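Remarks on the structure that follows.
Numbers here are sequence positions counted from 1. Only a predicted model underlies this, so the values are computations on that prediction, with no experimental measurement involved.
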Amino acid sequence: MSPTPVQQLGNKPPDGGWGWMVVFGAHISIGFAYSTPKALSIFFKEIQKDLLVSYSDIAWISSIMLAAMYAGGPVSSALVNRFGSRPVVMLGGLMCGVSMVTASFGDSIIYLYFCIGVIGGFGLSFNLNASLTIISKYFLARRPLANGLAMAGSPVFLCFLAPLNQYLQDKYGWRGSLLILGALMLNCCVAGALMRPVRMTLKQSYPPQKKLEEQPDKHITRIKGTCMENAKKFLDLTFFKDRGFVIYLIGNIMFIFGAYAPIVFLSAYAVSRGVEEYSAAYLLSIMGFVDMFVRPGTGLIANSKWIRPRVQYFFSFAMVFNGTCHLLCPLTTSYALLVVYAIFFGVGFGMVFALIFECLMDLMGNQRFPSAVGLVTIIECFPMLLGPPAAGLLVDVYGDYKYLFFMCGAVIVTGGLFLFVMNIYNYHMLGKEKAAMDTEQKQNNIDNQEQVKPFKVM
């Protein structure tokens, strides 16, 4: 039964008011979600020495955490639909805090995988998805602004978390630092408390309880049908029949494989080049600071009338630019050149992540986008899980960080060129298919007119 006009008015988002406090809370929770896996790399060198593990072993911490964060998306969405965003974000904050505190007592790398990677990763997933969901309920006309302010938490938090982690490590060691970081992440519970449900301005009518009791079988069938619809929504395999989606997915997988390893090993690479530890940590802050301004700037450029119709090619350029930065990184011989690399890395990284979901929406449209993004994030878990450990394995084998930058840069550049060439092919084929459909439609119209003519004569 369709909702009445009164019910439709009651569901209209307020577009402001307490919604800005919700955005502030989302800024905190999203900031921790995206910056924590990157900023934890500050501790990796000390953990490696303490637990006597290899570079590839230590890289699995961030990989498992990122993979769990993305893989937990469907679970988080189901919990939000059942209980709302506030308790889910508070649960996620509690899980993150507990994961860091318990990890500080760890004496094996497997223990850290479970505490930081699995528990912490799912906690970040709850923070991320629930925060994005409640913003969509509070805002409609101002949603792009609200989302932009919330997503800005990622570079903002990375700017201060990287040097803070370095200070904490020098002062308290990596165990004490994780203990303090866990306490800080409990602030996500406070952020979640700000996310109170949207109050309906008008009351909605509900069917009497007696009617449900009279038809229990139909009610159970309806619940089962809803569950099946939700499962199909998250795992709609018909997307693989869409040529544009498959092209986007392949290029995106190649980017994700090489995207995070340079961040994980950047500080350690700088230290190996003779850079002081605090200065090495500030490279991540520089990258995050640049990223903070590049993302909204890229959004404005992509929204212009010249770039908007060619946004897929702009995305390809951003990937090639990002990969080229990594290929040139091993040529840096001083801290000044590393700063230049961090600046260009921030530009490339910000451009790609400002466009990555916009390009998917451009291909799939608003109606199919939620299902498409759910499928993409689940598939992204695998390259995200394997990328940093593969890069760490190169460091173990060759004893030099430059090979991981060569690998990541080459994979990302290849992905960008693949997208550029295949998008040309895709748009060419779409044009031919559209022309064929128009020709067929015209022929059908002519045939219909010829069939109608005899009846007119009679």
Side-chain angles (χ1 to χ4, degrees), residues 32 35-66 68 96-121 124 157-185 260-288 335 338 342 387-402 404-405:
F32 274 116
S35 63
T36 301
K38 305 171 188 175
L40 284 176
S41 62
I42 300 296
F43 306 134
F44 285 177
K45 196 74 175 178
E46 292 300 318
I47 296 175
Q48 186 181 1
K49 293 178 181 178
D50 192 9
L51 301 183
L52 301 175
V53 294
S54 64
Y55 289 98
S56 58
D57 291 336
I58 202 72
W60 279 102
I61 296 177
S62 290
S63 295
I64 295 173
M65 193 176 204
L66 287 165
C96 290
V98 169
S99 71
M100 296 299 165
V101 172
T102 54
S104 66
F105 299 100
D107 56 359
S108 71
I109 194 67
I110 303 297
Y111 182 82
L112 297 186
Y113 291 162
F114 178 74
C115 292
I116 298 178
V118 178
I119 299 177
L124 295 180
F157 273 61
L158 183 60
C159 280
F160 83 83
L161 267 185
L164 175 64
N165 284 354
Q166 185 63 58
Y167 171 79
L168 292 176
Q169 179 178 270
D170 294 342
K171 194 78 173 176
Y172 305 104
W174 69 269
R175 296 181 185 275
S177 301
L178 288 179
L179 196 64
I180 296 172
L181 185 60
L184 290 175
M185 296 188 78
Y260 287 97
I263 301 175
V264 172
F265 290 102
L266 179 58
S267 296
Y269 171 68
V271 171
S272 71
R273 290 281 183 168
V275 177
E276 193 264 334
E277 290 183 347
Y278 272 101
S279 299
Y282 274 115
L283 291 174
L284 289 176
S285 297
I286 293 170
M287 177 207 162
Y335 183 70
L338 282 172
L393 182 61
L394 290 177
V395 179
D396 291 331
V397 172
Y398 296 102
D400 197 331
Y401 288 94
K402 66 180 181 182
L404 78 86
F405 288 97

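Interatomic distance, Tyr55 OH to Leu394 CG, rounded to the nearest 0.5 Å: 13.0 Å. Distance check: Cys159 SG to Ile286 CD1 gives 9.5 Å after rounding to the nearest 0.5 Å. In this structure, OG1 in Thr36 is found 6.0 Å from CG in Leu181, a value given to the nearest 0.5 Å. Residue Leu284 holds its CG atom at 10.5 Å from CG of Leu161, rounded to the nearest 0.5 Å.
Of all heavy-atom pairs spanning Ile42 and Gln169, the tightest one is O-OE1, 3.2 Å. Of all the heavy atoms in Trp174 and Phe43, the pair that sits closest is CB-CB, 4.2 Å. A pairwise comparison of heavy atoms in Ser35 and Phe157 identifies OG-CB, 3.4 Å as the closest pair. The two residues Glu277 and Asp170 make their nearest non-hydrogen contact at OE1-OD1, 3.7 Å. In this structure, Leu40 and Met100 approach most closely via the heavy-atom pair CD1-CE, 4.0 Å. Pairing each heavy atom of Val101 with each of Gly182, the nearest pair is CG2-CA, 4.3 Å.
Listed for the Ser177 side chain is a donor-acceptor partner under 3.5 Å among the backbone atoms of Leu168. At least one donor-acceptor pair under 3.5 Å links the side chain of Arg175 to the backbone N or O of Gly106. Side chain of Tyr335 to backbone of Ser279: a donor-acceptor contact under 3.5 angstrom is found. Between the side chain of Ser99 and the main chain of Cys96, a donor-acceptor pair closer than 3.5 Å is present. Checked by atom type and distance alone, the side chain of Asn165 pairs as donor or acceptor with a backbone atom of Ala39 at under 3.5 Å. Side-chain N or O atoms of Ser63 include one that pairs as donor or acceptor with a backbone N or O of Ala59 at under 3.5 Å. Judged purely by atom type and a 3.5 angstrom limit, Ser56 has no side-chain atom pairing as donor or acceptor with the backbone of Pro389.
Between Ser285 and Pro163, some side-chain heavy-atom pair lies under the 4.5 Å cut-off. Side-chain contact between Lys38 and Tyr260: present, with at least one pair of heavy atoms (C-beta onward) separated by less than 4.5 Å. Between Leu124 and Met185, some side-chain heavy-atom pair lies under the 4.5 Å cut-off. The side-chain heavy atoms of Leu184 and Leu164, taken from C-beta on, include a pair separated by under 4.5 Å. Side-chain contact between Asp107 and Asp50 is absent, with no heavy atoms from C-beta onward closer than 4.5 Å. Proximity of Ile263 to Met287: side-chain heavy atoms (C-beta onward) are separated by under 4.5 Å at one or more points. A 4.5 Å side-chain heavy-atom check between Phe44 and Phe265 finds every atom pair outside the cut-off.
Classification of the Tyr269-Tyr401 ring pair by plane angle, with boundaries at 30° and 60°, yields perpendicular.
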Decide side-chain contact (heavy atoms from CB on, under 4.5 Å) for Val395 and Asp400; before the verdict, give the C-alpha distance in whole Å, the side-chain angles of both, and the deciding distance to 0.1 Å.
CA-CA 5 Å; Val395 179; Asp400 197 331; over 6 Å; no
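Around OH of Tyr111, the count of heavy atoms belonging to other residues, nucleotides or ligands within 6.0 Å exceeds 12.
In this view, Tyr398 and Tyr403 satisfy the ring-ring contact (aromatic ring centres under 6.0 Å, His included) rule, not counting sequence neighbours.
Between Leu112 and the options Asp57, Ile58, Ile61, a side chain to side chain contact (heavy atoms under 4.5 Å, CB included) holds for only Ile61.
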